[in-house]
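Below: one structure, written as structure tokens.
One-based numbering, in listed order, for ligands and for the atoms of each.
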Amino acid sequence: MAREAGDIAWALNLEPVFIARDEAERRECGFSHQVILEQDVLDYTAMPFVIGIGENSIRRAIAERFKESLRFTNLVHPSATFGFSQREAIDRGKGIVVAAGTRFTSGISVGDFCIFNQNTTIAHDCVVESYVHVAPGANVSGNVHLKSGCWVGAGAVVNQGSYAKKRVVGENATIGSGAVVIRDCEANAVYAGVPAKRIK
Ligand SMILES: CC(C)(COP(=O)(O)OP(=O)(O)OC[C@H]1O[C@@H](n2cnc3c(N)ncnc32)[C@H](O)[C@@H]1OP(=O)(O)O)[C@@H](O)C(=O)NCCC(=O)NCCS
């Protein structure tokens, strides 16, 4: 995900600086761009940061660790499109990464440190809590509530809820790639298939 986050920065004419855990990781990642070590990160507090890590629990742990010391910003690809007042709603958050081709319609609330990967769609009146990851090509219909830390897999579809009762994907639940969710999903469970069934 770091490379994708870097691509968003370039699209915005920003020069990204990446962070490696240690020297070994710095060598392994093979970035030709500036890579600093984690131990030096507090020398860079003037820069805005995002956490370009797809795994929700790791992103949450890093956000917690640096919440007082680093300035987290949002990173929104210029090709993302937004319905009425939706861009402003996202700009009120922090640490949100929106990759190329994502579409938000309107009336959607978004928590901090969420990732919306390439070509995802989030429809009207959804509630997306913090630390959610919507993987590439996933399609979240209207009136869906994605609870904190849940993962919607690549190409998955979450069918719509209603104004009276949103379709709920529970806290830290995982929806497999290509799944079609037609019922609420329990917290901390894994769902896959069409229609999606609990597998773990
Ligand atoms: C659903 C998922 C989380 C399950 O991973 P896992 O816990 O390691 O599960 P396993 O690979 O052990 O598979 C368990 C069973 O589910 C099935 N299964 C796994 N993923 C599936 C999927 N996406 N759709 C349908 N069935 C799936 C496996 O065939 C296996 O079935 P079996 O027990 O009959 O052999 C994972 O396969 C997945 O789809 N992750 C999302 C990937 C993604 O979106 N990546 C985007 C990166 S940005």
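- Within the 3.5 Å criterion, the main-chain N or O of Gly54 finds a donor-acceptor partner in the side chain of Arg59.
- For atom 44 (O) of ligand 1, the nearest protein heavy atom lies under 4.0 Å away.
- Within the listing of ligand 1, atoms 16 (O) sit less than 4.0 angstrom from a heavy atom of Ile199.
- Close contacts between ligand 1 and Gly153 involve ligand atoms 44 (O) [criterion: under 4.0 Å to a heavy atom].
- For atom 47 (C) of ligand 1, the closest non-hydrogen atom on the protein side is Trp151 CZ2, 4.0 Å.
- Of the candidates Ser177, Pro136, Ala99, the one placing a heavy atom closest to atom 23 (N) of ligand 1 is Ser177.
- Put simply, atom 12 (O) of ligand 1 has protein non-hydrogen atoms near it, under 4.0 Å away.
- For the pair Ser106 (side chain) and His124 (backbone), a donor-acceptor distance under 3.5 Å is absent.
- Here the OG atom belonging to Ser109 is positioned 9.5 Å from the CG atom belonging to Asp125, to the nearest 0.5 angstrom.
- For atom 9 (O) of ligand 1, a protein heavy-atom neighbour is present inside the 4.0 Å cut-off.
- There is a protein heavy atom closer than 4.0 angstrom to atom 6 (P) of ligand 1.
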May I have the list of side-chain donor-acceptor pairs in residues 110-118 shorter than 3.5 Å, sequence neighbours left out?
from: Asp112; atom 1: OD1; to: Lys94; atom 2: N; distance (Å): 3.0
from: Asn117; atom 1: ND2; to: His133; atom 2: NE2; distance (Å): 3.1

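- Atom-to-atom distance recorded for Asn159:CG and Asn143:CG is 12.5 Å, nearest 0.5 angstrom.
- Distance screen at 4.0 Å: atom 19 (C) of ligand 1 has no protein heavy-atom neighbour inside the cut-off.
- For Glu25 (side chain) and Arg21 (main-chain N/O), a donor-acceptor pair under 3.5 Å exists by modelled atom type.
- A distance-only check finds no donor-acceptor pair linking the side chain of Arg87 to the backbone of Thr81 [under 3.5 Å].
- Nearest protein neighbour of atom 1 (C) of ligand 1, counting heavy atoms only, is Gly176 CA, 3.5 Å.
- Taking CD1 from Ile122 and CD1 from Ile90, the interatomic distance works out to 8.5 Å, rounded to the nearest 0.5 Å.
- For atom 39 (O) of ligand 1, a protein non-hydrogen atom is found at a distance below 4.0 Å.
- Ranking protein heavy atoms by distance to atom 2 (C) of ligand 1, first place goes to Val190 CG1, 4.3 Å.
- By the definition of a contact as any protein heavy atom under 4.0 Å away, atom 16 (O) of ligand 1 is in contact.
- The distance from the CG atom of Asn188 to the NZ atom of Lys200 is 14.0 Å, given to the nearest 0.5 Å.
- Remark: ligand 1 and Thr174 share no N or O pair separated by less than 3.5 Å (distance only, no angle test).
- Taking the six-membered ring where tryptophan is involved, the planes of Phe49 and Phe72 are perpendicular, since the angle between them exceeds 60° and thus also 30°.
- Under 4.0 angstrom from ligand 1, there are no non-hydrogen atoms of Met1.
- Protein heavy atom at the shortest distance from atom 26 (N) of ligand 1 is Ala192 CB, 3.8 Å.
- Within a 4.0 Å radius of atom 28 (C) of ligand 1, the protein contributes no heavy atom.
- Applying the side chain to side chain donor-acceptor pair (under 3.5 Å) criterion to Glu186, with sequence neighbours excluded, gives Arg198.
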